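Each remark here refers to the structure printed beneath this line.
As the structure lists them, so they are numbered: ligands from 1, and atoms in each ligand from 1. This is a predicted model, so every value here is computed, not measured. The basis for the numbers below is simple: all heavy atoms, side chains too, and nothing from hydrogens, waters or symmetry mates.
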Amino acid sequence: MINSPISKIILEGREFLVKRDDLIDPHLAGNKYRKLYTLLNTQKEGLSKIISYGGTQSNAMLAIAAMCKKKDWEFIYYTKTLSSQQIKQNEGNFFHSIELGMKHIEIEEEFYKEFIALLRLNLEEKTFIIDQGGAVEEARIGLEVLAQEIREAKLDVQSLATPSGTGTTALFLALALPEYKVYTTPCVGDVKYLKEQMQALHEIPDNLVILTPERKYHFAKPYPEFLNIYKNLLESGIEFDLLYAPGMWKVLLEQTQEEILYIHSGGVTGNESMLKRYEKKGMISL
Ligand SMILES: *Cc1c(COP(=O)(O)O)cnc(C)c1O
């Protein structure tokens with residue numbers, strides 16, 4: 001794998017650099033690629049089945065499906081019961097994952113938690129479970145590879161930025177690059193929740209700066225200001241995802257001044273279905 005390239009964009013008159021992890025692979029890109037790095041470097045014969053679980057919009061699900069297709073591993077994905085509308089969709093991450101060969105199994109809501117907890121107890125040989133949000137210890141190594149690429153680029157910036165869900169990406173990146181300031185912001189839950197998630201993995205280092213959004217945003221809900229940032233970024237030449245990136249760009253524009261290298265975290269395949277939701281709300285016409 002060659003290093004992902006770095007692009008320059010102008011946004012609101014400011015220059016930003018972007019590490020193009022979105023270009024790594026159409027389905028297996030962004031931070032999900034980095035988090036699956038060690039599994040991707042596992043020999044085909046080493047495993048036969050991957051099990052994971054979570055939501056149907058998940059970028060991790062799509063990345064795992066693409067990996068399993070490449071490796072010829074079986075991929076079983078558990079979700080809570082879906083609506084018939086979700087199942088029928090012919091776009092978005094769920095649809096693409098099924099096309100890549102993912103086997104989907106629904107678990108009724110009332111048994112779901114217990115079922116997931118029991119998964120590990122009945123593990124067959126050559127089977128690997130990836131918890132929601134990605135495999136943690138494996139992720140650390142993949143992010144050290146990203147850190148090395150950033151160092152090798154010898155850029156004239158001292159600050160990086162990447163948005164957080166579980167915070168795994170931002171935390172391991174900050175730990176691997178103590179000489180840089182790493183900005184992030186919570187896109188799922190609030191700052192307190194993000195800190196708790198991170199602290200469960202490692203003590204939060206001083207060079208990791210969590211920016212607080214000016215107001216509370218609910219994850220995966222359409223907001224006109226997010227759509228606006230998405231469109232401005234697209235005009236400046238790069239498509240970003242609609243779930244995480246707008247919140248990150250918003251706080252960067254409002255709360256920072258220096259030149260920043262933004263680590264593109266992927267996820268643009270989810271935009272198809274998200275844009276439809278913006279359309280339903282009358283915020284755009286497609
Ligand atoms: C998964 C994801 C994130 C969040 O990554 P964490 O390591 O869970 O913080 C951010 N951006 C995109 C596009 C994602 O798919």
Once you round to the nearest 0.5 Å, how far does OH of Tyr180 lie from CG of Leu208? 16.0 Å
Scan residues 166-179 for pairs that pass salt bridge (charged side-chain N to carboxylate O under 4.0 Å, His left out), counting only residues two or more places apart or in two chains. Arg151-Glu179
Hey, does Thr169 come in under 3.5 Å of ligand 1, counting only N/O atoms on both sides? yes
Numbered in order shown, the ligand 1 atoms found under 4.0 Å of a heavy atom of Lys32 are 1 (C), 2 (C), 3 (C), 14 (C), 15 (O)
Can you name the atoms of ligand 1, numbered from 1 with element, that are less than 4.0 Å from a heavy atom of Thr168? 7 (O), 9 (O)
Is there a ring pair (Phe, Tyr, Trp, His ring centres under 6.0 Å) between Tyr53 and Tyr77 once you walk through the steps? CA-CA 5 Å; Tyr53 56 90; Tyr77 192 73; 7.8 Å; no
Is the closest N or O pair between Lys35 and ligand 1 shorter than 3.5 Å? yes
Identify, by atom number and element, the atoms of ligand 1 in contact range of Gly266, meaning under 4.0 Å from any of its heavy atoms. 13 (C)
If you count the atoms of ligand 1 from 1 in the order shown, which ones are under 4.0 Å from a heavy atom of Gly167? 6 (P), 8 (O), 9 (O)
Could you tell me which non-hydrogen atom of Leu28 sits nearest to which non-hydrogen atom of Tyr33, and how far apart they are? O-CB, 3.6 Å
Ligand 1 to Asn59, heavy atom cutoff 4.0 Å, flagged ligand atoms 13 (C), 14 (C), 15 (O)
With only distance considered, is Gly267 within less than 3.5 Å of ligand 1 through an N or O on each side? no
Mark yes when over 12 heavy atoms from residues, nucleotides or ligands other than Glu152 sit less than 6.0 Å from its CD; otherwise mark no. yes
Applying a 4.0 Å heavy-atom criterion (strictly less than), which segment of Asn31 is in contact with ligand 1: side chain, backbone, both, or neither? side chain
Can you tell me how far apart NZ (Lys80) and CD (Glu110) are? Round to the nearest 0.5 Å. 12.0 Å
Show your reasoning for whether ring pair (Phe, Tyr, Trp, His ring centres under 6.0 Å) applies to Tyr230 and Trp249. CA-CA 9 Å; Tyr230 166 83; Trp249 281 107; over 10 Å; no
Check for me whether Pro163 has a heavy atom closer than 4.0 Å to any atom of ligand 1. yes
Run the numbers for me: atoms of ligand 1, each under 4.0 Å from some heavy atom of Ser164, listed by number. 9 (O)
Would you say Ala60 touches ligand 1, if touching means a heavy atom closer than 4.0 Å? no
Looking at Asn93, Asp241, Thr269, which one forms a side-chain hydrogen bond (donor to acceptor under 3.5 Å, both in side chains) with Asn59? Asn93
For Lys69, the side-chain hydrogen bond (donor to acceptor under 3.5 Å, both in side chains) test, sequence neighbours excluded, returns none
Heavy-atom distances under 4.0 Å decide this one: backbone, side chain, both or neither, for Asp241 against ligand 1? side chain
